[in-house]
Chemist: 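What follows is a structure written as structure tokens; I'll ask about it next.
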Amino acid sequence: MIKALFPGSFDPFTKGHADIVNRALPLFDRIIIAFGTNSSKTRFIKLQYMVDCLEKMYEKEPKIEITTYSGLTVEFCKKNSIQFILRGLRNSTDFEYERTIAHLNQSMDKRIETVFLATTPENSSVTSTIVREIIRFGGDASNFVPSLINDFLKIRQNLNLQ
Ligand code: ADP
């Protein structure tokens, strides 16, 4: 079985992330969307809330699994027999950053390959940071996040949840 890990913060999950997942679906037997939990950044949207959103969003897609992990990405891949790491590229800044991480991962385990998909033009300026700013000021983020995520974010806003 060919498995890919799509690691990220997904704070929140955007149309850009969803686009990468959808376009990677024909390439792999399984895609594991994995929230890395050892980032020093404090989350804007609670981890479990975003995990629940994604589980709902992809409940009818048997190839997709949602999980969280801490520690090194390559160690998680090894433990779970995952051969590929999937990442998205928006611009040259992403490229430089992603290349460094990919080289680092490669130096730790040569068998795990990183696969990059370039963003589509319509998603090239979609970032979780922009979405967080919109939500923080009570704006409409529907152009930037999948509709189910937007619904969850609105519920969260109305309940004044973190
Ligand atoms: P991280 O904190 O690990 O960078 P993110 O949630 O910000 O996590 O991003 C996860 C992955 O999705 C990264 O590879 C990032 O480059 C990619 N990504 C984010 N936004 C987009 C987008 N609009 N189009 C394509 N890829 C994207």
Side-chain angles (χ1 to χ4, degrees), residues 3-28 30-58 61 63-77 80 82-106 108-109 112-136 139-150 152-153 156 162:
K3 297 200 249 178
L5 184 80
F6 185 38
S9 320
F10 311 119
D11 189 22
F13 194 81
T14 67
K15 281 188 178 174
H17 296 131
D19 174 61
I20 296 294
V21 170
N22 289 341
R23 285 165 49 223
L25 269 179
L27 305 177
F28 304 104
R30 185 161 280 257
I31 295 177
I32 299 110
I33 303 175
F35 290 78
T37 59
N38 46 359
S39 156
S40 51
K41 294 182 252 175
T42 10
R43 290 190 65 89
F44 179 67
I45 309 283
K46 260 199 179 147
L47 180 67
Q48 195 53 52
Y49 197 72
M50 204 31 64
V51 169
D52 292 346
C53 287
L54 289 195
E55 275 173 352
K56 181 88 197 135
M57 182 168 159
Y58 290 115
E61 181 43 77
K63 279 184 162 187
I64 295 179
E65 189 183 315
I66 318 297
T67 193
T68 62
Y69 75 103
S70 59
L72 292 173
T73 306
V74 284
E75 289 303 324
F76 183 80
C77 289
N80 294 282
I82 299 168
Q83 309 92 327
F84 294 96
I85 295 172
L86 173 67
R87 296 289 283 178
L89 296 175
R90 281 164 297 194
N91 48 41
S92 54
T93 312
D94 271 358
F95 173 74
E96 292 300 334
Y97 174 74
E98 295 292 345
R99 180 176 56 177
T100 308
I101 305 284
H103 285 167
L104 207 79
N105 286 335
Q106 209 172 37
M108 287 188 273
D109 194 325
I112 299 165
E113 283 290 352
T114 304
V115 173
F116 301 105
L117 290 186
T119 185
T120 50
E122 58 272 28
N123 286 309
S124 65
S125 50
V126 178
T127 68
S128 295
T129 311
I130 288 179
V131 176
R132 287 198 296 272
E133 285 305 293
I134 294 172
I135 296 167
R136 198 170 272 137
D140 175 15
S142 58
N143 282 338
F144 305 105
V145 294
S147 58
L148 190 133
I149 303 287
N150 195 46
F152 267 78
L153 292 176
R156 175 189 164 279
Q162 256 301 299

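Quantities reported herein were computed from a predicted structural model and do not represent experimental measurements. Atoms within each ligand, like the ligands themselves, are counted from 1 in listed order.
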Chemist: List the steps and the verdict of side chain to side chain contact (heavy atoms under 4.5 Å, CB included) for Leu47 and Met50.
Modeler: CA-CA 5 Å; Leu47 180 67; Met50 204 31 64; 5.9 Å; no

Chemist: Mind checking what makes side-chain contact (heavy atoms from CB on, under 4.5 Å) contact with Gln48, not counting sequence neighbours?
Modeler: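 Gln48 satisfies side-chain contact (heavy atoms from CB on, under 4.5 Å) with Val51, Asp52 only.
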
Chemist: Between Gln83 and Cys77, is any pair of side-chain heavy atoms under 4.5 Å apart?
Modeler: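 In short, these two side chains do not touch, never coming nearer than 4.5 Å.
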
Chemist: Quick one: sort the Phe84 and Phe28 rings into parallel, tilted or perpendicular, breaks at 30° and 60°.
Modeler: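 The rings of Phe84 and Phe28 sit tilted, inter-plane angle from 30° to 60°.
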
Chemist: Quick check: closest heavy atoms across Thr67 and Ile32, and the distance to 0.1 Å?
Modeler: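 The pair with the smallest heavy-atom distance is CG2-CG2, 3.4 Å.
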
Chemist: Report the distance from atom CG of Asn123 to atom OG1 of Thr127, rounding to the nearest 0.5 Å.
Modeler: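 Atom-to-atom, Asn123:CG and Thr127:OG1 are 11.5 Å apart.
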
Chemist: Any protein N/O atoms within less than 3.5 Å of an N/O atom in ligand 1? List the atom names and distances, or say none.
Modeler:
residue, atom, partner, partner atom, Å
ligand 1, 2 (O), Ser9, OG, 2.6
ligand 1, 3 (O), Arg87, NH1, 3.3
ligand 1, 3 (O), Arg87, NH2, 3.3
ligand 1, 4 (O), Arg87, NH2, 3.4
ligand 1, 6 (O), Ser9, N, 3.2
ligand 1, 6 (O), Phe10, N, 2.9
ligand 1, 6 (O), His17, NE2, 3.2
ligand 1, 8 (O), Ser9, N, 3.1
ligand 1, 9 (O), His17, NE2, 3.4
ligand 1, 14 (O), Arg87, NE, 3.1
ligand 1, 14 (O), Gly88, N, 3.0
ligand 1, 14 (O), Gly88, O, 3.4
ligand 1, 14 (O), Glu98, OE2, 3.2
ligand 1, 16 (O), Gly88, O, 2.7
ligand 1, 20 (N), Arg90, NH1, 3.3
ligand 1, 23 (N), Asn123, O, 2.8
ligand 1, 23 (N), Val126, O, 2.9
ligand 1, 24 (N), Thr119, OG1, 3.0

